[in-house]
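A short write-up of the structure that comes next.
Computed from a prediction, not measured in an experiment: that's the story for all the values here.
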Amino acid sequence: MKRSKILAAVLLLAMFSSLFAVGTVTLPAQTGSASAPTESELFTPDVMGDPMGDKGILAEDATAYTLVADGDLAEWEGLSFEVFGGVNVSLVYDATYVYVALQWKDSTEDVTVGQWNKTGMINAALVDWQFVDGADDVIQIGFSTGPYANNDSDMMIWTTSPRTNAGFAFECNATGDVDAGTNPYVMNTNKTTDTFVDAKPLYESDLSTLISDEFALANGTMYDAWLNSTTVAAGGQTDTVVSSDWNNTLMDYYTVEMIRLLDTGDADDFILDFADDLIFYVGSANQDDTFDMLISTMALNVALTNDAAALTFTTIVGDPVNEALVITGGVFDDFVGYDLIVEMDGWDDTYGAGQYFNVGVNEATGNYSFLFFFDEWDMPLGEQTIFVTLYPKYEAPIQLNQTIEIDDTKAPNIEGIVDLVDRYPDGVPLDEDYVVVTIGLADDYCVVDDITACLFSYVGDGTNLKIDMVQFAPGSTTFIANITIDHAIGVVNNYTYFVQAWDTSLNKVTSDYYWFLAASVAPIPAFGIIAGLFGLAASVFIIKKVKK
């Protein structure tokens, strides 16, 4: 950002009721039903005046669909998907089942289960075991009707390692208590201890026998933390059917489908009724340590309806003199997770392609105000189109635009000059017939084609001499010209010179003046060549360089 855009935004907070925010972002990733923005040149001075919604995830009625757990989401076409915590989720139901489709990015398939490693003895009565982290990919969903409690939460977990059956999700409640039924894979952990430090393996790695004498084991003995019991999944552990796929349906992505009866008939599962106030949980872990099954999830309140999103874009308030734009309007989306983006076509030249600004919205009213200060270094000139795009959570983007003329309003700036007094503190040597004046100029957005620079000089009270300065290189901001020196033995002449930078399109000028002495000074060998090179080199340091 140039100048103090953020500070300026703070100063204008009192003028507008909405929140100002300035920050560079890229366009949000769109999945599922998202499509290209709906473009419109219409705008209205009316703002929404409505509070933004707080819905979490949309649950759709899928009665018209035939959904099966096969790891292929082709039959989900037309149902809504949205990203939560990096997981693309579709949550649907019919009169009998709840269906959840999940996709998340992971470039590697990790299946390593954690292990217990004997490291020694803390004392004569206790063997010291260390848990060695595994690397296991995990997806977890869940439902509850309120705060975590054993009787109102169900969690369904699938992993890539043999901690879960390939065809069913591991089921427990939010506190980790396992549902009834048989799971083929069990945790090889001493559950009688309350602390992680004192935990230890219970079984040999084949699960056939308990570890009989851990004191007799050599240090470095390792046991798998999860073991295959060789039994068949049954009962409550088969309530949720799972099908999974990695790197086939979508490259570097997991695809997982879960299907569960709304009413499983099990005492430790509550009946899912989407007419209730349900909370949905979702989370994924790439390379989980595999110590236990639960991972971090985000909680989303479930909604059954989606109100139409809306966007307005009021007339832009532009102040070319103070170089500021105020962009205001209103938005509405009843789901949390929308994005409001401002962009201008000319910004691609200024900041590079793909640069946008994320606009803050007043959650209580839906109004937004975006304040953008610019100057001649970061604002393209001429007619510019400004786009405001709302990306609702469950609808196609909405885009409005307006055009505004950005004018060249300022005279050129003198950014730096080679000071001849510094170059010739004792006067100009007798063998130098002229001195070089080098100056750096700047104008709006580095435009120099309309600048004319002139050098004026005179000796004592003599007549001004005008010399047109030339660009050091075509299109550059460095201009040069020579002042002829008239030496006279024993005479010290006071030379005065000044430069003028004209913006020919505006007929505006900037000028400044300087002076130096031309005394009778004996020449220094090769001084003229060195001084000339110094003048060009010095200009590199004193002339302001601006990047587009």
Side-chain angles (χ1 to χ4, degrees), residues 104 106-140 142 148 150 153 155-166 168-233 236-237 244 246 254 268 281 283-297:
W104 71 101
D106 190 348
S107 58
T108 60
E109 189 176 24
D110 303 298
V111 298
T112 305
V113 176
Q115 290 183 304
W116 292 102
N117 175 36
K118 183 186 176 184
T119 59
M121 290 189 295
I122 297 176
N123 54 49
L126 184 62
V127 172
D128 187 18
W129 290 90
Q130 177 188 19
F131 181 78
V132 180
D133 287 348
D136 189 8
D137 300 328
V138 185
I139 189 72
Q140 175 177 322
Y148 279 168
N150 291 349
S153 62
M155 297 292 154
M156 301 84 173
I157 304 162
W158 175 85
T159 73
T160 52
S161 76
R163 291 194 288 164
T164 56
N165 184 279
F168 303 102
F170 177 88
E171 293 198 45
C172 61
N173 61 28
T175 58
D177 295 328
V178 180
D179 283 6
T182 302
N183 192 297
Y185 305 98
V186 298
M187 184 184 295
N188 189 12
T189 305
N190 185 348
K191 301 289 286 186
T192 61
T193 59
D194 295 328
T195 63
F196 176 85
V197 175
D198 295 331
K200 62 183 181 179
L202 289 177
Y203 297 95
E204 300 287 344
S205 289
D206 60 3
L207 198 62
S208 60
T209 56
L210 291 169
I211 297 174
S212 58
D213 186 3
E214 59 182 336
F215 289 92
L217 298 174
N219 290 342
T221 301
M222 313 223 18
Y223 291 100
D224 290 340
W226 286 80
L227 302 174
N228 187 348
S229 66
T230 69
T231 58
V232 178
Q237 286 297 329
S244 63
W246 176 75
Y254 278 109
D268 47 14
Y281 302 91
S284 66
N286 294 344
Q287 300 186 1
D288 181 52
D289 63 12
T290 71
F291 174 69
D292 58 21
M293 295 299 297
L294 297 176
I295 61 174
S296 297
T297 59

Measuring from D268:CG to D177:CG, what's the distance to the nearest 0.5 Å?
10.0 Å
Distance, nearest 0.5 Å, that separates CG of D179 from CG of N183:
10.5 Å
Can you tell me if N117 uses its side chain to pair, donor with acceptor, with the backbone of M222 under 3.5 Å?
no
Residues N165 and P184: closest non-hydrogen pair is ND2-CG, 3.7 Å
Give the C-alpha distance, both sets of side-chain angles, the deciding distance and a yes or no for side-chain contact (heavy atoms from CB on, under 4.5 Å) between Q287 and T108.
CA-CA 9 Å; Q287 300 186 1; T108 60; 4.2 Å; yes
State which residues pass salt bridge (charged side-chain N to carboxylate O under 4.0 Å, His left out) with D136; sequence neighbours excluded, sorted by chain then number.
R163
Separation between CG (D137) and CG (D106), nearest 0.5 Å, reads 4.5 Å
Walk me through whether F291 and W226 qualify under side-chain contact (heavy atoms from CB on, under 4.5 Å).
CA-CA 9 Å; F291 174 69; W226 286 80; over 6 Å; no
Report yes or no: does D288 contribute a side-chain atom to a donor-acceptor pair with the main-chain N or O of V138 at less than 3.5 Å?
no
Could you list all the salt bridge (Lys or Arg N to Asp or Glu O under 4.0 Å) pairs where at least one residue sits in residues 111-125, not counting sequence neighbours?
none
Close side-chain approach of L294 and C172, heavy atoms under 4.5 Å
yes
Taking the side chain as everything from C-beta on, heavy atoms only, tell me whether M156 gets closer than 4.5 Å to Q140.
no
Donor-acceptor under 3.5 Å (T290 side chain, G114 main chain)
yes
CA sep, side-chain torsions, deciding dist, call: W129, L217, side-chain contact (heavy atoms from CB on, under 4.5 Å):
CA-CA 11 Å; W129 290 90; L217 298 174; 3.8 Å; yes
Any salt bridge (Lys or Arg N to Asp or Glu O under 4.0 Å) involving residues 209-226? Give me the pairs, sequence neighbours left out, ordered by first then second residue.
K200-E214
Run the side-chain hydrogen bond (donor to acceptor under 3.5 Å, both in side chains) check on T231 and T182 step by step: do they pass?
CA-CA 8 Å; T231 58; T182 302; 5.7 Å; no
Exercise: identify the closest heavy-atom pair between Y185 and N228
CE2-CG, 3.5 Å
Using atom types as modelled and distance alone, determine if a side-chain donor or acceptor of T159 lies under 3.5 Å from a backbone N or O of S161.
yes
Would you indicate whether the side-chain heavy atoms of M187 and L202 approach each other to under 4.5 Å?
no
Sub-4.5 Å side-chain heavy-atom contact between P162 and V113:
yes
What's the verdict on side-chain hydrogen bond (donor to acceptor under 3.5 Å, both in side chains) for E204 and Y223, showing C-alpha distance, side-chain angles and the deciding distance?
CA-CA 7 Å; E204 300 287 344; Y223 291 100; 3.2 Å; yes
Ignoring hydrogens and angles, tell me if any N or O in the side chain of S153 forms a donor-acceptor pair with the backbone of A174 under 3.5 Å.
yes
Y203 side chain near I211 side chain, heavy-atom distance below 4.5 Å
no
From CA spacing to verdict: side-chain contact (heavy atoms from CB on, under 4.5 Å), T164, T160:
CA-CA 8 Å; T164 56; T160 52; over 6 Å; no
Identify the two heavy atoms, one from W104 and one from I139, that lie closest to each other, and give their separation to 0.1 Å.
CH2-CB, 3.4 Å
Measure the CD-CG distance between Q115 and D133 for me, rounded to the nearest 0.5 Å.
11.5 Å
Taking C-beta and beyond as the side chain, do N188 and P201 meet within less than 4.5 Å on heavy atoms?
yes
Look only at the side chain of W116 and the backbone of T189, and say whether a donor-acceptor pair between them is shorter than 3.5 Å.
no
Between Q237 (side chain) and F170 (backbone), is there a donor-acceptor pair under 3.5 Å?
no
